[in-house]
Amino acid sequence: MVRHWTFGQKIAAAFAALVLVAATIGAVGVYTARRVVAEKDRVIDVNAQLLSRAQALRAASDGRTASLRGYLLLRDPRFIQEQQDARVRFEAEIGALRRLVYTDEGRRQLAEIERTDTEVRAASDRVVSLRQTQATADAAIKADEEDVLPKRRAFDQQIDTFVSREQTLLTAAEQAATDNASAATFWLVVIVIVAALGATAVAFALTRTLSRQIGAAVGQVQSSSAELQAAATQQATGSREQSIAMSEISTTISELLATSRQITDSAQQVAKIAEQTANAARSGDDTVEATHDSIAGIRRHVDLIVGHMLELGKKSQQIGAVLDIVSELAEQTNILAINATIEAAGAGEGGRRFAVVAEEIRKLADRVAGSTKEIRGLIDDVRSAVNTTVMATETGSKAVDAGSKQFGHVAASFKQIADLVVTTTEAAREIELSTKQQMTAVEQVNVAIANVTQASKETETSSGQTQQTASELAVLSRDLLRLVQPRVAAM
């Protein structure tokens, strides 16, 4: 199967093998480095920190003991505060150690230290209380030696045991990290040696295989170089003919570009004229609309006059009704006056004055009746005039309606003209835009033709260079064959 592989496949396989070996070495190196670093980090972060915390715990205990002794000797409250501070530091170190300890033995020792510390603190508090009750320093020191000192010695021994054990764990961890690093280095060297031997074997096999394959490929190159020379000659001839054709096409495109520019200018003029026509149509439409509004105002005034005339007719009818009542009253008054005169004549001398008054009332009733007839005549004349005015006004209103309808038709015609002009303007603008796009496209085609012409010339030049390169390739193929397979090249 390997015999049928191509040159590139074999090179790729060789490089893949080298990359695989390098990746293996790198993976082993990274794993080794991480393991060594992890061991060192564990030694630094855990074991070394445990030893440091244990020593700090011992220092805090010593500080607490010193503060207690100072207070027992001098009874200075400052030593009480120092003892409290030392206790706080001690508790902080205990908490840190409790988080760091990772062995059961260490946790057990830490629990014993905490229990003994509780007893030491209780005994110390009793001695301090004894000193605070005005006891002598000797009595307090004696109580300290009898009660506190044995517990403190046991406490210090426990701390020393814990520190010694952590020192032993730190030494063992450092030795283990060193051993792991040495082992990792040994195996990494072994892997590198094995990889180097494998790469040497792959290179030897690849060299033999590629020598045979390159020899066969060089023979094919020699046969192909002659064909390449003939193809380069044909390509040069075709490139010259293509260059001449592209020159003629470029001339035609230039004429088409000039025609497109003229069409663009004409379309711009048409668009301007259409826009002016649209402005004029809109102006006429506004004038017609204003006239239509004026006619509508006249129609409203005519309707108002008709309303007033009709109201006047109603009022005249009401006046006629009032005149009827007045006429009837005048008749009744006249009858009453006649009756009063008759009654006064029958009353003798005493009714004469009443008869005179009745006569005057009768005359007044006659005058009122006459005036009522005159007023009725005037009202009839007013009614006739009102009817005539209403008829004339209705005729004018009909004429106004007819004029308003005609103006509506005119306005609709102007609006239709304006719409048609707008459509014409939009069409002119679309023609202008299309022409501009066409001109841009033609310019791009012109540029493309120029590029193609230039490319044809360059292709012609390149064909000559290709022909020369083919000749040089034939010479180089013979030289390469002589280097790869000297016996075949000599034959």
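Please read these numbers as outputs of a predicted model, since none were measured by experiment.
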For Gln175, check side chain to side chain donor-acceptor pair (under 3.5 Å) against everything at least two apart and list the hits.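 Partners of Gln175 under the side chain to side chain donor-acceptor pair (under 3.5 Å) test: Asp179.
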Side-chain H-bond candidate by donor/acceptor type, Ser124 with Arg152, under 3.5 Å: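 There is no such pair (donor and acceptor under 3.5 Å, judged by atom type) between the side chains of Ser124 and Arg152.
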For the student: nearest non-hydrogen atoms of Arg107 and Val101, plus distance: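 The pair with the smallest heavy-atom distance is N-CG1, 3.4 Å.
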Go through Phe155 and Phe162 one step at a time and tell me if the ring pair (Phe, Tyr, Trp, His ring centres under 6.0 Å) criterion holds. CA-CA 11 Å; Phe155 178 72; Phe162 184 77; over 10 Å; no
Looking at [Y] and [X], is any side-chain nitrogen of the basic one under 4.0 Å from a carboxylate oxygen of the acidic one?
{"X": "Arg78", "Y": "Glu82", "answer": "yes"}
{"X": "Glu91", "Y": "Arg87", "answer": "no"}
{"X": "Asp156", "Y": "Arg153", "answer": "no"}

Roughly how far, to the nearest 0.5 Å, is the [atom2] atom of [Y] from the [atom1] atom of [X]?
{"X": "Gln109", "Y": "Thr103", "atom1": "CD", "atom2": "OG1", "answer": "7.5 Å"}
{"X": "Ile113", "Y": "Gln158", "atom1": "CD1", "atom2": "CD", "answer": "6.0 Å"}
{"X": "Glu112", "Y": "Ile159", "atom1": "CD", "atom2": "CD1", "answer": "13.0 Å"}
{"X": "Glu114", "Y": "Ile94", "atom1": "CD", "atom2": "CD1", "answer": "5.0 Å"}

I need the single residue from Arg89, Gln81, Gln83 that forms a side chain to side chain donor-acceptor pair (under 3.5 Å) with Asp85. Which is it?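 When Arg89, Gln81, Gln83 are each tested with Asp85, the side chain to side chain donor-acceptor pair (under 3.5 Å) holds only for Gln81.
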Take a 6.0 Å sphere around NZ of Lys142 and say whether it holds more than 12 heavy atoms from other residues, nucleotides or ligands.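 Count not over threshold, so no.
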Please name all residues satisfying salt bridge (Lys or Arg N to Asp or Glu O under 4.0 Å) with Arg108, sequence neighbours left out, ordered by chain then number.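 Counting only residues at least two positions away or on another chain, Arg108 forms a salt bridge (Lys or Arg N to Asp or Glu O under 4.0 Å) with Glu105.
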